[in-house]
Protein chains: 2
Amino acid sequence: MSRCGVSSPDSVIEEAPAATKRRLLDVAERLFADQGFDSVSLRAITAEAGANLAAVNYHFGSKESLIAAVIARQVEPINRRRLELLEGAVDAREIVAAFVDPVLQEAERSGADGGHFLKLMSRCTAARDEKVSALIAVQFREVVRRFVMAIGDACPGLSAEVVHLRLLFTAGAMAQSLFHLDKLAMVSEGRCEAPGLDTLRDEMVTFLAAGLETGTRDGDVK
Amino acid sequence: MSRCGVSSPDSVIEEAPAATKRRLLDVAERLFADQGFDSVSLRAITAEAGANLAAVNYHFGSKESLIAAVIARQVEPINRRRLELLEGAVDAREIVAAFVDPVLQEAERSGADGGHFLKLMSRCTAARDEKVSALIAVQFREVVRRFVMAIGDACPGLSAEVVHLRLLFTAGAMAQSLFHLDKLAMVSEGRCEAPGLDTLRDEMVTFLAAGLETGTRDGDVK
DNA sequence: GTCTATACCACGATAGAC
DNA sequence: GTCTATCGTGGTATAGAC
């Protein structure tokens, strides 16, 4: 069960993580999702993980790097799955689905744990720190490149600039709606219940696919 | 030009702000936009405003309340303008424009200052703190109510749930694209420059209006 | 190497003097 | 209304135990 053969030099996640290191990641992931990156102290993390305060600094170097490691461990498989799904996608609906579904599937998978994955993801989209946000940007470079190409093929007549913008709208709508979904009931004053993830998914794909296609060959122009 | 007649008991902004209080708000607004809420210390704010460290706690009660006051001072006029513009809106494009334009206009107005307004707005959408985010939610209640009604009228056949979701997508796409607009060049590796605000505005309205209309009477169904 | 104990320094908040 | 002093807690750095 040795993972040492992987050898990913640039990755934040080191190979063969020590038991303590892994426990720190698990605890940090849960606490960060629940309370946000800044609200969780290293003392709270290390206490719950049964480790010493200095363990974080030893294994990760800083709280910032711990945050980056937690994010990377979640984002990497999501983005890999996105690229897999994109292979068979030909129209706008399928492209949007390839972008959205891995996130929602992961959300459902971690549903037993209270779905803290969604909270964590949406906290990332608003990364308060320039260093963290730059790290995330690197993680998304390949995904952006491939999805821009796919959208360009499926929606002929759009400039590269417009395609990039529409992908940005797509990512934003997804991230924000996941983040604020639970606030729908509050802000609508009872006129609307927070829908399930499957409803959200279908509505999101319909909405975003329409936006991607508009003004192109087989989309309406309004 | 007395503001004292307004008397808004529930508002965070008190009437007749003292000179120190106003200076604290101005400095905090700029620093928060540049570095984020958590990165800016009260010591930095009070030092730059020429006030004492304890001044923030005296005038606002806490750093949290200072943040809320800064946000409210920006959001209130935006939301008022949104409701004004919504009056004359009949179709999806105009509704989206009524939601988006006040934000972009304010962004251009503060362009001379480095456009820190946009940074501040987008930091709000990710409010790390439950208390702050609840405060923001209250600010948007009336806006949500009116825009949901308008969308329902302009896009017949949509359930209240779907209308709420589509408004959520709209708000998310706007907020996130404004937030990450400057990262487009980095993440696209030079294949795409960050567009101007006018280009962003037009593309946003087109994209979001298409999403709002899809599946309704005069939208396409795909 | 892995981990612990402990000592920093900066932060937000508060009390009390002026 | 404003300032000084101080408290508890935060992230970080280091020395040394295993």
Side-chain angles (χ1 to χ4, degrees), chain A residues 2-4 7 9 12-32 34-71 123 127-133 135, chain B residues 4 12-29 31-32 34-71 123 127-132 135:
Chain A
S2 143
R3 285 201 189 124
C4 299
S7 174
V12 184
I13 302 177
E14 303 287 345
E15 54 236 359
T20 303
K21 190 172 182 177
R22 203 183 181 293
R23 253 182 301 125
L24 287 172
L25 275 175
D26 290 338
V27 172
E29 180 180 305
R30 183 164 41 81
L31 294 184
F32 283 153
D34 278 347
Q35 309 169 232
F37 298 118
D38 300 285
S39 305
V40 178
S41 67
L42 294 185
R43 286 171 171 85
I45 296 171
T46 51
E48 192 152 333
N52 186 268
L53 169 61
V56 167
N57 217 276
Y58 172 73
H59 283 292
F60 300 95
S62 68
K63 182 180 183 181
E64 208 71 52
S65 299
L66 171 64
I67 295 172
V70 169
I71 293 173
R123 288 192 196 278
R128 5 96 322 144
D129 194 277
E130 294 297 328
K131 283 163 281 182
V132 173
S133 99
L135 216 150
Chain B
C4 300
V12 185
I13 301 179
E14 306 285 345
E15 52 234 0
T20 303
K21 191 172 181 178
R22 205 185 179 293
R23 253 183 301 126
L24 287 173
L25 275 174
D26 290 339
V27 171
E29 179 179 307
L31 294 184
F32 283 153
D34 278 347
Q35 308 169 233
F37 297 119
D38 299 285
S39 306
V40 177
S41 68
L42 294 185
R43 287 172 171 83
I45 296 171
T46 51
E48 193 153 332
N52 187 269
L53 169 61
V56 166
N57 217 277
Y58 172 75
H59 283 292
F60 299 94
S62 68
K63 183 181 183 181
E64 208 71 52
S65 299
L66 171 63
I67 294 173
V70 169
I71 292 172
R123 289 192 195 277
R128 4 85 341 133
D129 193 278
E130 294 298 328
K131 284 163 283 181
V132 173
L135 216 149

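Residue numbering restarts at 1 for every chain, and letters A, B, ... go by the order of the sequence lines. Quick caveat: nothing in here was measured; it's all calculated off a predicted structure.
- Nearest-nucleotide mapping onto DNA chain C: of B:Ser62 and A:Ala51, the residue sitting toward the 5' end is A:Ala51.
- We find that CG of B:Asn57 is positioned 6 Å from C1' of C:dA13, with the value rounded to whole Å.
- In this structure, A:Arg43 places its CZ atom 12 Å from C1' of C:dC11, rounding to the nearest Å.
- Panel note: side chain A:Lys63, backbone A:Phe37; a donor-acceptor pair is recorded below 3.5 Å.
- For the salt bridge (Lys or Arg N to Asp or Glu O under 4.0 Å) condition, the pairs that include at least one residue of residues 40-53 of chain B, sequence neighbours left out, are B:Arg30-B:Glu48.
- The B:Ala54 side chain lies nearest to C:dA15 when the options are D:dG11, C:dG12, C:dA15.
- Checked against C:dC3, C:dA13, D:dG10, the side chain of A:Ser41 finds its nearest nucleotide in D:dG10.
- Taking only side-chain atoms of A:Leu53, from C-beta outward, the nucleotide of C:dA13, D:dT12, C:dC11 with the closest atom is D:dT12.
- With D:dC3, D:dT12, C:dA5 as the choices, the nucleotide that has an atom nearest any side-chain atom of B:Asn52 turns out to be D:dC3.
- Among D:dT2, C:dG12, D:dG11, the nucleotide with an atom closest to any side-chain atom of B:His59 is D:dT2.
- The distance between atom CG of B:Leu42 and atom P of D:dC7, rounded to the nearest whole Å, is 20 Å.
- Across the protein-nucleic acid pair, A:Lys63 atom NZ and C:dC11 atom P stand 15 Å apart, rounded to whole Å.
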